[in-house]
Participant: 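Let me begin by handing over the structure; questions about it come next.
All values derive from a computational prediction rather than experimental measurement.
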Amino acid sequence: DGYLAAIRAGAGGENKTYQLSTSTGMILNLYKDILTLNADYTYLTSIQDNYVRRQPITYSIEPGVVEEVSLPVFRIYNTMEQVSIFEPQHSANVFLSYNQTFNEKHSLSATVGLNYEHKSYKRLVGQRDGLTSDTLSDLSLGTENDKVKGGRHAYSLFGTFARINYNYDERYLVEFNGRYDGTSRFRKGK
């Protein structure tokens, strides 16, 4: 029965993802709606908790004779693998805005600000064979072939940005934008 037999034998697993996101921000009116300061901060985290359970698959083609499946893909023993992943992320923005209209026809606005992001990733994988229970899925129930793997990485971004625009009589618009970013993904000086 292939995969159906694997399911009947108790193989399978579970993938769970938990996410939390929170943001906060503020706007300060520094001078008569002409000059404002904006700031925001966001925290996002994702936690994954996954496991896979594999058990031997048996079959019978005649009464009293029970054999194990010998196909390579199904030649597995009472094994469990658990994977935990943790990914927190922080981001913040701060920018100053200027908006002014002169003589009812000339509008000038400008924005200058900073942007920061940091994200990290951590993964832990454990595997054990020879589980002593056919129904419970826990690494501590394994008796042999302990395997542990892991991995982690992180990156940060830091940028500055600016925009200035001039609007004449709601008919003509000239705008200049610029951004300069740095990242930890490149070596220093690159």
Participant: Donor-acceptor pair, Thr79 side chain versus Asp129 backbone, under 3.5 Å?
Facilitator: no
Participant: Could you give the distance from CD (Gln19) to CD (Glu87), rounded to the nearest 0.5 Å?
Facilitator: 9.0 Å
Participant: Evaluate the criterion salt bridge (charged side-chain N to carboxylate O under 4.0 Å, His left out) for residue pair Glu14 and Lys16; output intermediate values, then yes/no.
Facilitator: CA-CA 6 Å; Glu14 191 172 70; Lys16 290 184 178 181; 3.7 Å; yes
Participant: Taking the six-membered ring where the residue is Trp, are the ring centres of His106 and Tyr168 under 6.0 Å apart?
Facilitator: yes
Participant: Would you say Val174 ends up clustered with Ile164 if hydrophobic residues are merged whenever their side chains have heavy atoms under 4.5 Å apart, either directly or through other cluster members?
Facilitator: yes
Participant: Measure the CG-CZ distance between Asn93 and Phe161 for me, rounded to the nearest 0.5 Å.
Facilitator: 6.0 Å
Participant: Who pairs with Lys32 by salt bridge (Lys or Arg N to Asp or Glu O under 4.0 Å), at least two apart in sequence or on another chain?
Facilitator: none
Participant: Cut-off 3.5 Å, side chains only: do Asn50 and Glu81 have a donor facing an acceptor?
Facilitator: no
Participant: Applying ring-ring contact (aromatic ring centres under 6.0 Å, His included) as the test, list every pair that has at least one member in residues 33-57; sequence neighbours left out.
Facilitator: Tyr43-His90
Participant: Taking CD1 in Ile27 as the centre, count heavy atoms belonging to other residues, nucleotides or ligands within less than 6.0 Å. Is the count above 12?
Facilitator: no
Participant: First locate atom CG of Asn15, then atom CG of Asp49, and finally report the distance between them rounded to the nearest 0.5 Å.
Facilitator: 9.5 Å
Participant: Between Ser23 and Thr42, does any side-chain donor sit less than 3.5 Å from a side-chain acceptor?
Facilitator: yes
Participant: From Arg185 CZ over to Ser156 OG, what is the distance, rounded to the nearest 0.5 angstrom?
Facilitator: 10.0 Å
Participant: Taking salt bridge (Lys or Arg N to Asp or Glu O under 4.0 Å) as the test, write out the residues that go with Arg179, two or more places apart.
Facilitator: Asp181
Participant: Determine which pairs satisfy ring-ring contact (aromatic ring centres under 6.0 Å, His included) with at least one residue from residues 15-37, sequence neighbours left out, and list them in order.
Facilitator: none
Participant: Quick check against the 3.5 Å criterion: does Thr143 have a side-chain atom that pairs as donor or acceptor with the backbone of Gly130?
Facilitator: yes
Participant: Is there a path from Leu35 to Val94 through hydrophobic residues (I, L, V, M, F, W, Y) whose side chains come within less than 4.5 Å of each other?
Facilitator: yes
Participant: Would the distance check show the side chain of Arg53 and the main-chain N or O of Leu136 forming a donor-acceptor pair, the cut-off being under 3.5 Å?
Facilitator: yes
Participant: Following the transitive rule for hydrophobic clusters with a side-chain heavy-atom cut-off under 4.5 Å over Ile, Leu, Val, Met, Phe, Trp and Tyr, establish whether Val112 and Leu28 coincide in one cluster.
Facilitator: yes
Participant: Connecting only ILVMFWY residues whose side-chain heavy atoms lie within less than 4.5 Å of each other, what is the rest of Val125's hydrophobic cluster?
Facilitator: Val83, Ile85, Tyr121
Participant: Hey, is the main chain of Leu139 close enough, under 3.5 Å, to the side chain of Arg128 for a donor-acceptor pair?
Facilitator: yes
Participant: Flag yes if more than 12 heavy atoms outside Phe102 fall under 6.0 Å of its CZ atom; otherwise flag no.
Facilitator: yes
Participant: For Glu175 and Arg163: C-alpha separation, side-chain torsions, deciding distance, then whether side chain to side chain contact (heavy atoms under 4.5 Å, CB included) applies.
Facilitator: CA-CA 7 Å; Glu175 183 172 277; Arg163 179 181 69 234; 3.6 Å; yes
Participant: Classify the side-chain pair Ser109/Asn165 by whether it contains a donor and acceptor separated by less than 3.5 Å.
Facilitator: yes
Participant: What residues form a salt bridge (Lys or Arg N to Asp or Glu O under 4.0 Å) with Asp138, not counting sequence neighbours?
Facilitator: none
Participant: Counting neighbours of CD on Glu104 that are heavy atoms of other residues, nucleotides or ligands and sit closer than 6.0 Å, is the number greater than 12?
Facilitator: no
Participant: Pair Met80, Gln127 - check side chain to side chain contact (heavy atoms under 4.5 Å, CB included), show working.
Facilitator: CA-CA 6 Å; Met80 182 179 162; Gln127 180 180 329; over 6 Å; no
Participant: Are Leu114 and Phe95 linked, directly or through other ILVMFWY residues, by side chains that come within less than 4.5 angstrom of each other?
Facilitator: no
Participant: List the steps, then state whether side chain to side chain contact (heavy atoms under 4.5 Å, CB included) holds for Ser120 with Phe86.
Facilitator: CA-CA 8 Å; Ser120 59; Phe86 179 57; 5.7 Å; no
Participant: Would a hydrophobic clustering, with Ile, Leu, Val, Met, Phe, Trp and Tyr connected at side-chain separations under 4.5 Å, put Leu108 with Ile34?
Facilitator: yes
